[in-house]
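Worksheet: the structure to be examined is printed underneath.
Just so we're clear, the structure is a prediction, and the values are computed from it rather than from any experiment.
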Amino acid sequence: QVQLVESGGGLVQPGGSLRLSCAASGLTFGSRAMGWFRQAPGKEREFVATINWSGLNTYYVDSVKGRFAISRDNAKNTVYLQMNSLKPEDTAVYYCAATMRAIPTWNKDQYAYWGQGTQVTVSS
């Protein structure tokens, strides 16, 4: 049984930082690309970042480039999202997802497994 469990969300002031973690089990983590998505109230779930199986290739949505960093530790079956210089518009539920392939993708339809999400709220 595949499980993806996110942690690290919370309330932070604008300009602050958070680090999200996603612990995976029940799948061959080291051979899969992983991604982070987010969904704000009343909006579609959107792509945030993705990383290939080795961690050497990463891609981001334009709105987070230079502020967010995705990384992974295959020995720990964990993917991370470091979020810096947070803005109120970053407020959303953040989801970790696993693809069925090694190549990263922004397309949420290519992701086979999803976590339950963790709330990130950026507010003063």
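V79 and W53 fall into different hydrophobic clusters, where Ile, Leu, Val, Met, Phe, Trp and Tyr are joined by side-chain heavy atoms under 4.5 Å apart, directly or via other members. Residues V64 and Y94 share a single hydrophobic cluster, defined by chaining ILVMFWY side chains whose heavy atoms lie under 4.5 Å apart.
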Legend entry - Residues Y111, D109; criterion side-chain contact (heavy atoms from CB on, under 4.5 Å); working and verdict: CA-CA 5 Å; Y111 287 81; D109 293 334; over 6 Å; no

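For R45 and Y95, the positive end sits near the middle of the six-membered ring, less than 6.0 Å away and at most 45° from its axis. Cation-pi geometry between R72 and Y80 is not met at under 6.0 angstrom from the ring centre and within 45 degrees of the axis.
Under the 4.5 Å side-chain criterion, counting only non-hydrogen atoms from C-beta, E89 is not in contact with T91. Put simply, the side chain of D90 reaches to within 4.5 Å of the side chain of R67, judged on heavy atoms. Residues F29 and N74 have side chains in contact (heavy-atom distance under 4.5 Å, counting atoms from C-beta outward).
Interatomic distance, CD1 of I70 versus CH2 of W36, reported as 8.0 Å (0.5 Å rounding). To the nearest 0.5 Å, atoms CD (Q116) and CG (L4) are separated by 9.0 Å. In this structure, the separation between CE on M34 and SG on C22 is 4.5 Å, given to the nearest 0.5 Å. Rounded to the nearest 0.5 angstrom, S123 OG and L86 CG are separated by 12.0 Å. In this structure, CG on N84 lies 9.5 Å from CG on L18, to the nearest 0.5 angstrom. Atom CG of L20 and atom CG of L81 lie 5.0 Å apart (nearest 0.5 Å).
Identified under the salt bridge (charged side-chain N to carboxylate O under 4.0 Å, His left out) test for residues 47-63, with sequence neighbours left out: D62-K65. Here salt bridge (charged side-chain N to carboxylate O under 4.0 Å, His left out) pairs that include residues 2-15, with residues two or more places apart or in two chains, number zero.
A side-chain donor-acceptor contact under 3.5 Å links N52 to the backbone of N57.
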Distance-only donor-acceptor pairs under 3.5 Å for side chains of residues 98-106, two or more places apart:
from, atom 1, to, atom 2, distance (Å)
T99, OG1, A33, N, 3.4
T99, OG1, A33, O, 3.0
T99, OG1, R101, N, 3.1
T99, OG1, R101, O, 2.6
R101, NE, I103, O, 3.2
T105, OG1, N107, N, 3.0

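Counting heavy-atom neighbours within 6.0 Å of E44 CD, excluding the residue itself, gives a total of 12 or less.
For an aromatic pair to be called close, the ring centres must be under 6.0 Å apart, and W114 with F37 satisfies this. The six-membered or imidazole ring of Y59 lies away from that of F47, with a centre-to-centre distance of 6.0 Å or more.
Residue G55 comes nearest to T58 through the heavy atom pair O-CG2, 4.3 Å, listed as atom of the first residue, atom of the second, then distance. Scanning all heavy atoms of the two residues, the minimum distance from S17 to Q82 falls at CB-NE2, 4.0 Å.
There is no side-chain donor-acceptor pair under 3.5 Å between T78 and D73.
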